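As the structure is a computational prediction, the values presented were derived from the model and not from experiment.
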Amino acid sequence: QVGHLTPLKYDDEQTPGHIADNIAWITKVGNNIQADFSVDETIEVLEKIFRNYVKEGIIGPFSSDWMNKIYRLFSKKS
């Protein structure tokens, strides 16, 4: 899919959404995170990504409070 690097709902007059420099190939999940997913759904996707990275040995295991840290991060943005 094609998507916006800066989400259209970002609502920043200094960063217009419908310009060529703001368009790139992006995954469907990436588009959903920007537009439709709730905080909980976004965290669920990120957890799955990180667990797959750990499983493949790309990164080391993350701490047990990882979800709480991520949730706090997203909650600050709301």
Side-chain angles (χ1 to χ4, degrees):
Q1 291 186 338
V2 174
H4 297 93
L5 298 172
T6 300
L8 295 177
K9 69 180 185 178
Y10 185 67
D11 194 29
D12 179 2
E13 292 180 16
Q14 302 302 316
T15 310
H18 289 288
I19 60 172
D21 288 344
N22 193 36
I23 304 296
W25 289 107
I26 191 169
T27 65
K28 182 178 181 194
V29 171
N31 269 339
N32 287 338
I33 287 172
Q34 288 184 3
D36 301 325
F37 281 10
S38 68
V39 169
D40 289 338
E41 289 170 317
T42 300
I43 290 171
E44 185 177 315
V45 169
L46 292 174
E47 182 181 26
K48 183 176 179 181
I49 291 168
F50 276 87
R51 290 193 188 285
N52 284 336
Y53 274 42
V54 170
K55 179 180 170 187
E56 296 299 321
I58 297 169
I59 61 172
F62 44 90
S63 66
S64 60
D65 66 343
W66 179 84
M67 289 296 292
N68 290 329
K69 289 178 182 176
I70 295 296
Y71 190 78
R72 284 194 307 271
L73 175 71
F74 275 90
S75 295
K76 289 178 185 177
K77 306 287 184 196
S78 316

With sequence neighbours left out, the residues meeting side chain to side chain contact (heavy atoms under 4.5 Å, CB included) with Ser38 are Asp40, Glu41

Lys28 meets the side chain to side chain contact (heavy atoms under 4.5 Å, CB included) criterion, sequence neighbours left out, with Gln1, Asn32

One should read off an interatomic distance between Phe37 CZ and Leu46 CG, to the nearest 0.5 angstrom, of 10.0 Å

When rounded to the nearest 0.5 Å, the distance separating CZ of Arg51 from CD of Glu56 is 14.5 Å

Tightest non-hydrogen contact, residues Ile26 and Val2, listed as CG2-C, 3.7 Å

Determine whether Trp25 and Ile23 fall in the same hydrophobic cluster, where Ile, Leu, Val, Met, Phe, Trp and Tyr are linked whenever their side-chain heavy atoms lie under 4.5 Å apart. yes

